[in-house]
Amino acid sequence: MNLSVNLGKLKLKNPVMTASGTFGYGAEYSEFVNLNNLGAVVVKGLSLNPMAGNPPPRIYETPCGMLNSIGLQNIGVEAFIKEKLPYLKQFDTKIIVNFFGDSIKEYVKTAERLSSVNGIHALEMNISCPNKQAGWSIFGTDPKVTFKVVSAVRKITDLTLIVKLSPNVTDIALMAKVAEDAGADAVSVINTLTGMAINAKTRQPRLANIIGGLSGPAIKPIALRMVWECHKAVRIPIIGMGGIISAEDAIEFLIAGSSAVAIGTANFVNPKAAQDIIDGMKLFMIEEHISNVKELIGRLKC
Amino acid sequence: MNLSVNLGKLKLKNPVMTASGTFGYGAEYSEFVNLNNLGAVVVKGLSLNPMAGNPPPRIYETPCGMLNSIGLQNIGVEAFIKEKLPYLKQFDTKIIVNFFGDSIKEYVKTAERLSSVNGIHALEMNISCPNKQAGWSIFGTDPKVTFKVVSAVRKITDLTLIVKLSPNVTDIALMAKVAEDAGADAVSVINTLTGMAINAKTRQPRLANIIGGLSGPAIKPIALRMVWECHKAVRIPIIGMGGIISAEDAIEFLIAGSSAVAIGTANFVNPKAAQDIIDGMKLFMIEEHISNVKELIGRLKC
Amino acid sequence: MLSADNSLDPLLKRPFSLFRWLDKDIQILYRVVGKLTNILKDKKPDDILEIIGPLGNGFPVIKGKARPILIGGGIGSAPLFSLAETIKHKKPIFFIGAKTKKEILYTYALKSIGINPIISTDDGTLGQKGVITNVLREFLTHHSSPITDYCIYACGPRPMLKELTLLSEKFNLKGYIALEENMACGVGACLSCVVNTKNGFKRVCKEGPVFPIEEIVW
Amino acid sequence: MLSADNSLDPLLKRPFSLFRWLDKDIQILYRVVGKLTNILKDKKPDDILEIIGPLGNGFPVIKGKARPILIGGGIGSAPLFSLAETIKHKKPIFFIGAKTKKEILYTYALKSIGINPIISTDDGTLGQKGVITNVLREFLTHHSSPITDYCIYACGPRPMLKELTLLSEKFNLKGYIALEENMACGVGACLSCVVNTKNGFKRVCKEGPVFPIEEIVW
Ligand SMILES: Cc1cc2nc3c(=O)[nH]c(=O)nc-3n(C[C@H](O)[C@H](O)[C@H](O)COP(=O)(O)OP(=O)(O)OC[C@H]3O[C@@H](n4cnc5c(N)ncnc54)[C@H](O)[C@@H]3O)c2cc1C
Ligand SMILES: Cc1cc2nc3c(=O)[nH]c(=O)nc-3n(C[C@H](O)[C@H](O)[C@H](O)COP(=O)(O)OP(=O)(O)OC[C@H]3O[C@@H](n4cnc5c(N)ncnc54)[C@H](O)[C@@H]3O)c2cc1C
Ligand SMILES: Cc1cc2nc3c(=O)[nH]c(=O)nc-3n(C[C@H](O)[C@H](O)[C@H](O)COP(=O)(O)O)c2cc1C
Ligand SMILES: Cc1cc2nc3c(=O)[nH]c(=O)nc-3n(C[C@H](O)[C@H](O)[C@H](O)COP(=O)(O)O)c2cc1C
Ligand code: FES
Ligand code: FES
């Protein structure tokens, strides 16, 4: 049975990765999941300098989903390279580093630094966090700005470059196309949808940050549609994510057109989720007599 | 206790209406809900001529939500006026007619005809159905087209004019502003989010139409955020909807800035939902010592 | 339409046929396939379910002396038992098919009301081997009375009903079939559950679930 | 972190303290407040729950002869019982407060290990009337031994812990408090559960839930 897939020049042993921000820096889940078994580990979003993130409360559960307003708290690129990367490098998996900046300059600087060390296989550019200040969102919602920032990063790195798209747009296929035109090797579809929750009694928002990003099974139908739209629009591979909780979900994303999938909120629901999904995928392939997982990618019948 | 609210010059006895397409033409639910108790009944979207809608399967359940691709099947304006309106007029509630067209001309013609009969209190213009052909979506996603079509309808009707906005846009507050500028008396926020589901085994879409509109509790956090964003952007009243299932949900929408709420998918979950929500709202007001429901509208503390 | 608790997952009520309507009870016969039915199977006596119904129509009892042929496929046999009880004096012929022996339902109860069903299973573990429509075709081909003296009543999976439609055309047979479609409201409001008929889309929950077999466009 | 079934609503696991750790069992003591706890209360013996844990730290047992003062508010008393058992030889003074008599927990079990708790309820239905921090202030104001001979351990609602922080500053008291915050992962990965401390945000699930009282910034 062949489970391997390609993201541009990067080859994954199977299509299952972890979604940034839901798997820490990898070590946090190593008691539950053998990292050697994963297609790739995607770490929490990094910035040039450490960031404190938003005040608590930072999450709130909603029907079949959750809102988060972590606000990109992270230890910064240098600490990651020194303290976290050596641990991850022990494993036979691909290491994908998610990062962001507050300006094109910062995006470039961060990508440069990350490209200068050994052991990182790909960069995932987050241009789509709903927890940042208003104004920041243009990186992921204004096609012109998106083109600029992706092109700038593309110029300075030879690593596989993945652009993580925002679902909070009118036309995500257009954004995928822009990322492709700017030189991205792959797109991640989708980041969280902006949402909100209110305590009716106190009349206060449930999150200190007022708004947050919605993830989990609730958003799966939207994510799946967006993957399909992007699949029709671009030739670069798509990493599908958004509400995947079972192997069947993951396979639906492959069929809709993603070459790999990322497991996010499901890790919280079941700390073994990523492993269970790989196992379930294998079982599905046996039952359905599929020998190569690539036979599923983009094979929607309609 | 005062539950009445205003939508422009239209006064509702309470803020609870039904959402278009989920309550038929009213009669279907009259065994479960006394229509006299509702703030307003909003009927299934009408077009100038009867429409057959999309082939089945037309719905599919998703985590805490559902996809529908009814495709605006309806009996047409004339049959509505002749066969359904007389029944509805018996009740002491406001009758709001949801409608749409395939061109600006058709929007205008339909609105004209509906404005020419007695007993209709308001028109809700649907510019945001995700089940129509590509191309149609510009009515609800391209601000220039939105402005044109709303202005055109505004010119020919004196009825309270509500514009129903699409959530499938980058900036819904902008769309609300455009509707306001074009003369709308109120906006409905939100219609369904475009989604998709796939049968992993057959590799076919779960809906014959491939894509459909996502509704139900799953989308509530997104709807609530959009209401809040619109509330900050416009002065006309907002009708909030999207995943409301309980009185507490409804109150959260009032706090986020809506003057009324519409109950959609919840009617399917509990055919008495609209009534239960009105009762629950009263109970909440008693417990929280609120004498006028208007004290809640837009009173988010942040 | 039935729901089991207040959880929002599963969200919608699910449609079930009435298996039997007793003095103070109603009975449904169900197959465990997914979210709701898995919750149902763990329910205990006296647990409370929420039901709206009865909704839609039922199988019509035809006047005259036409002999009823009942055809049930898998769990589709559920709504046919009540009918069989009601019309047992007409000596119905009952065909039951399923994938395997375990899925052939309530034959014991049928025998107790004097009906000896004709059975087939896909795997041959009970009755004849093969699909029930084949057994029926065989029967019709060698039937003794004029074909117009029969009236069919059927419920089962889509392929079975499609095949039956072909058979009914071929043998010029009248009758009724009960259809399934995904449902949301159950009361005719949402237009989810339409099927295509010679007179346009009709709602399974309201105009159905039983339709004259010749009316359906597959 | 605990979940009760495979339903996606509620979705996330919920954090609970270990009430007691017995030979082959663990016990949790919980208050029915929402979705998960309502499901829990209907569970029967031998039903299966999914738990990951133990996670984070616990109350440290201080060396030396400082006399422990335990303060539990409402369901916040849950994690203090094990501690009380462990350090009963130090003759802890146990303050328990709650809204009303019914919410004063396990006093009987405490008495059985020789601890006679000091109780207050907001409505005066058991023990003194008023909040437990008032009772503690009273006690501290008239304490007999030097204040540094005490070490406090507390868990309870936010206002109680805030008030305790003020008291501990005023009386120069050392000790530990267990905090609550909304959690998603429970293993330190998601950064949901942070609280503000003098050394920046710390995760309740990993560096906590127990923190030195002087470290927290309210
Ligand atoms: C008019 C009618 C009468 C029926 N009578 C019976 C009966 O007597 N006994 C019986 O066992 N079954 C009956 N069914 C089928 C029954 O409704 C489904 O088995 C049930 O909805 C499955 O629910 P679930 O939550 O267990 O499965 P799910 O988790 O919902 O999914 C399992 C499978 O059931 C299908 N399904 C999901 N929702 C619906 C829906 N709303 N309507 C139809 N199918 C759906 C899905 O496509 C999926 O393949 C009837 C259906 C209809 C339309
Ligand atoms: C470290 C820690 C230890 C705890 N120990 C205990 C204990 O021993 N016994 C006990 O009864 N309770 C304990 N709690 C509180 C317990 O986690 C909540 O009561 C529980 O999550 C409520 O779940 P629910 O589904 O019943 O309520 P929900 O339906 O989720 O909501 C009810 C209320 O609980 C709050 N809540 C929801 N989700 C969470 C979450 N993930 N974390 C915290 N609060 C939440 C909501 O804000 C809401 O006000 C502890 C909490 C923490 C953080
Ligand atoms: C708690 C949390 C933190 C996240 N942090 C990041 C992040 O740092 N960078 C990023 O690109 N995406 C982040 N995401 C988004 C996820 O990677 C993923 O795109 C999203 O959650 C949808 O997938 P899911 O529904 O499977 O969780 C975060 C999501 C959650 C729930
Ligand atoms: C089955 C179905 C049919 C609908 N038909 C219409 C329609 O005809 N016109 C319209 O404006 N909105 C229609 N809607 C959208 C609802 O009115 C509402 O905006 C949406 O479902 C969100 O609310 P909810 O989550 O409470 O259902 C329909 C929704 C559903 C589920
Ligand atoms: S289920 Fe709503 S119309 Fe039939
Ligand atoms: S709950 Fe995830 S870091 Fe604490």
Side-chain angles (χ1 to χ4, degrees), chain A residues 60 62-67 130 137 141-142 166-171 193-206 208 210-212 214 216-229 243 245 247-256 284 287-288 296 299-302, chain B residues 60 62-67 130 137 141-142 166-171 193-206 208 210-212 214 216-229 243 245 247-256 284 287-288 296 299-302:
Chain A
Y60 189 72
T62 65
C64 291
M66 62 176 279
L67 289 165
S137 69
T141 57
D142 181 335
S166 170
N168 302 298
V169 295
T170 308
D171 185 356
L193 284 134
T194 313
M196 179 173 175
I198 294 173
N199 182 331
K201 287 211 173 146
T202 65
R203 301 188 197 171
Q204 289 174 322
R206 293 280 188 178
I210 307 176
I211 57 168
L214 183 65
I219 68 168
K220 191 190 118 188
I222 303 170
L224 205 56
R225 183 262 299 180
M226 289 186 163
V227 164
W228 183 62
E229 287 179 348
I245 204 120
E248 209 177 309
D249 291 337
I251 288 158
E252 288 168 38
F253 274 83
L254 298 182
I255 294 170
F284 180 91
E287 283 172 6
E288 301 291 316
L296 288 165
R299 296 298 173 81
L300 185 72
K301 287 187 191 154
C302 66
Chain B
Y60 189 71
T62 65
C64 292
M66 63 176 278
L67 289 165
S137 70
T141 58
D142 180 336
S166 168
N168 302 298
V169 296
T170 309
D171 185 356
L193 284 134
T194 312
M196 179 174 178
I198 294 174
N199 183 330
K201 288 209 173 147
T202 65
R203 301 189 197 170
Q204 289 174 320
R206 294 280 189 178
I210 309 176
I211 57 167
L214 183 66
I219 69 169
K220 192 190 120 189
I222 303 170
L224 205 55
R225 183 262 299 179
M226 289 186 162
V227 165
W228 183 64
E229 286 179 349
I245 204 120
E248 209 176 309
D249 291 338
I251 289 158
E252 288 167 38
F253 274 84
L254 299 181
I255 294 170
F284 180 90
E287 281 172 6
E288 301 291 316
L296 288 165
R299 294 299 172 79
L300 184 72
K301 287 188 190 153
C302 65

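Numbered from 1 within each chain, the chains take letters A, B, ... in sequence-line order.
Minimum interatomic distance between A:Ile255 and B:Ala200 (heavy atoms only, all atoms of both residues): CD1-O, 3.5 Å. Across A:Ala218 and B:Ala218, no two heavy atoms sit closer than the pair CB-CB, 3.7 Å.
For B:Leu300, the parts lying near chain A are the backbone and the side chain together; criterion is any non-hydrogen pair under 4.5 Å. Neither the backbone nor the side chain of B:Ala208 comes within contact range of chain A; no heavy atoms are under 4.5 Å apart. When heavy atoms are compared at a cutoff of 4.5 Å, A:Ser166 does not approach chain B at all. Of the two parts of B:Phe284, only the side chain, counted from C-beta on, holds a non-hydrogen atom closer than 4.5 Å to a non-hydrogen atom of chain A. Residue contact with chain A, scored on non-hydrogen atoms closer than 4.5 Å, involves the side chain of B:Glu288 exclusively. Both the backbone and the side chain of A:Ala256 come within contact range of chain B, judged by heavy atoms closer than 4.5 Å. If you measure heavy-atom distances from B:Leu224 to chain A, the contacts under 4.5 Å come from both the backbone and the side chain. Interface residue A:Ile222: backbone and side-chain heavy atoms are both found under 4.5 Å from chain B.
Test B:Leu193, B:Thr62, B:Ile198 against A:Pro221 for side-chain contact (heavy atoms from CB on, under 4.5 Å) and you get one pass: B:Thr62.
The distance from atom CG of B:Asn168 to atom CG of A:Asn168, rounded to the nearest 0.5 Å, is 11.0 Å. Summarising the geometry, atom NZ belonging to B:Lys201 is positioned 11.5 Å from atom CD belonging to A:Glu252; distances are rounded to the nearest 0.5 Å.
Contact count versus chain B (heavy atoms, under 4.5 Å) is highest, among A:Gly216, A:Pro217, A:Pro167, A:Ala197, for A:Pro217.
A:Asp249 has its side chain within reach of A:Lys220: a pair of non-hydrogen atoms, C-beta onward, lies under 4.5 Å apart.
Judged purely by atom type and a 3.5 angstrom limit, B:Arg225 uses its side chain to pair as donor or acceptor with the backbone of A:Thr194.
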